[in-house]
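These notes are about the structure you will find just below.
In the text below, chain A, chain B and the rest are named by the order of the sequence lines, each starting its count at 1.
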Amino acid sequence: MPPTLVIIAGPTASGKTNLSIKLAQHWKTEIISCDSRQMYREMSIGTAKPDIDQLNTISHHLIDNLSIHDYYSAYRFEQDVTGLLKHLFNKHSLIIMTGGTGLYMDAIINGIDDIPDPDSEIRTMLKQRYDADGLDGLLAELAQLDPAFYAKVDRNNPARVMRGLEVCLTTGRSFSSFRIKQAVNRDFDIILIGLELPREELYQRINLRVDRMMEKGLIEEAKGLYPMKHLNALNTVGYRELFDMFDGKTDLDEAIRLIKRNTRHYAKRQITWNNRYPQMKYFNPDGFDEIINWIDSIVACWDKSL
RNA sequence: GGGGAGAUACCAAAGUGGCCAACUGGGGCAGACUGUAAAUCUGUUGGCUGACGCCUUCGGAGGUUCGAAUCCUCCUCUCCCCA
């Protein structure tokens, strides 16, 4: 059997965590998290991390490995995961990766070009320019420095425009010149499993989970992080709505309403993202046996062809 | 019982004779996305159509008008105030 990475994808609250742990127990293997927020050790309740028992049952990687003050990126994730896998495949022929961060997942599936980390001062400067003067000046500069990228960026999207610029300004080269979509050859196989629920049911689960987070003390957790609210890691559903409440912009009921709504929106974006993978095979999160059978059948097929 | 206000699309709410299939917000739906991505951005939301366009809408029934969500009459319902 060739080394195999089974990726469990699906929108938030679709049951990825529980299912992955059951699968990991079945195969006696380990789990790599693919979740941009569960990496931060300062956040727990609002990111729906696996609980202590779950973490003790199965060993998880890339959870609590960062501080909210740290720099991180999809490229670093790709480096971290490929490094980890090299090591883990010595112990297991099958590894599970679970999580909802589409871009990170994509960095593993399709690879991601090697682009230098941006200079943090340049990043800050661009943000300040944007806040002060808006997008027009930045767009004009981007058109100069990288006409090819300028031609296809979404010019309404400040994040995209600033990203292009920060690379141009940091490296002295055009952003486009780095974005070559270099094909990757992984020395392992990937099986993509998507979890799917009727929309209505998914939304119910989301609403319920938010209520549970509140019961577990999300407000307290957010309160502790409030002084750092400007950090990007804290620009996260469940936290920023509470920060607004602390600022007196909303009351508690409204904050909860918004957390639920924004989580639903987030789930929808994840579903849309996953649609880009025609090879993704969808299952109901309760379909444990079907999933096992499906994966076994694929692996058996590969074994035969070897 | 008397007086007043109002009924608009999934919800809220503008519109007060033609520019209205109807502002706006919410909610929904759909999409883009190679770097802090739980982020950031876009489209759409009466029906049919690829499109031109056509059809049915603004509580109900009539009426006035070349033309009505908008004016008139009656009816139904809701809300508020006084009793």
Side-chain angles (χ1 to χ4, degrees), chain A residues 10-14 16 33-40 43 45-49 66-80 99-120 122-124 126-127 130 135 149 152-168 170-171 175-184 199-200 202-203 206-207 209-210 213 218 222 228 230-242 254 257-276:
Chain A
T12 190
S14 60
K16 295 187 293 294
S33 167
C34 176
D35 185 304
S36 70
R37 297 294 128 125
Q38 292 184 359
M39 299 181 128
Y40 297 109
M43 299 194 271
I45 298 172
T47 58
K49 270 179 203 167
L66 291 178
S67 158
I68 53 176
H69 300 279
D70 293 337
Y71 171 83
Y72 204 69
S73 72
Y75 180 70
R76 291 199 178 182
F77 179 79
E78 194 260 359
Q79 299 286 294
D80 286 347
T101 304
L103 180 63
Y104 288 11
M105 179 169 75
D106 197 67
I108 305 307
I109 297 171
N110 293 316
I112 186 163
D113 291 322
D114 185 358
I115 304 173
D117 285 345
D119 181 283
S120 69
I122 289 176
R123 186 171 263 201
T124 308
L126 288 170
K127 181 75 171 61
Y130 171 65
L135 208 50
F149 182 64
K152 57 180 171 187
V153 243
D154 174 359
R155 289 176 214 158
N156 285 310
N157 192 330
R160 295 276 132 70
V161 172
M162 287 191 275
R163 159 99 271 245
L165 270 179
E166 74 178 11
V167 173
C168 295
T170 298
T171 64
F175 182 38
S176 309
S177 68
F178 291 102
R179 300 206 327 159
I180 51 179
K181 289 193 188 284
Q182 180 70 52
V184 283
R199 193 63 58 89
E200 205 175 309
L202 177 66
Y203 286 179
I206 288 173
N207 294 162
R209 194 172 71 175
V210 172
M213 286 177 178
L218 183 57
M228 279 85 80
H230 61 281
L231 294 174
N232 180 78
L234 293 176
N235 184 190
T236 297
V237 175
Y239 295 86
R240 58 177 176 188
E241 295 84 356
L242 291 175
E254 178 67 358
R257 204 202 110 235
L258 290 173
I259 292 173
K260 290 176 178 174
R261 183 200 60 185
N262 292 339
T263 305
R264 294 194 295 268
H265 289 350
Y266 169 49
K268 170 59 178 105
R269 272 178 272 133
Q270 293 175 299
I271 291 168
T272 300
W273 181 282
N274 290 159
N275 285 153
R276 71 176 52 208

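Comparing A/V237 and A/S73 against RNA chain B, the residue whose closest nucleotide sits nearer the 5' end is A/S73.
Judged by Watson-Crick or G-U wobble contacts below 3.5 Å, the nucleotide B/U65 has no partner.
When heavy atoms are screened at a 4.0 angstrom cut-off, A/R199 is found touching the sugar-phosphate backbone but no base atom. Using a 4.0 Å heavy-atom criterion, one finds that A/Y130 contacts no nucleic acid atom at all. Across all strands, A/D117 comes closer than 4.0 Å to base atoms (heavy-atom distances). Within 4.0 Å of A/Y203, counting heavy atoms only, lie sugar-phosphate atoms of the nucleic acid but no base atom. A/G111 comes within contact range of no nucleotide atom at all, as no heavy-atom separation falls under 4.0 Å. A/N110 comes within contact range of no nucleotide atom at all, as no heavy-atom separation falls under 4.0 Å. Among the heavy atoms of the strands lying under 4.0 Å from A/T236 is at least one base atom, whether or not backbone atoms are also near.
Legend: residues meeting salt bridge (Lys or Arg N to Asp or Glu O under 4.0 Å) with A/E78, ordered by chain and number and at least two apart, are A/R186. For A/R76, the salt bridge (Lys or Arg N to Asp or Glu O under 4.0 Å) partners two or more places apart in sequence, or in a different chain, are A/D117.
With P as the reference atom, B/G59 and B/A13 are 14 Å apart, rounded to whole Å.
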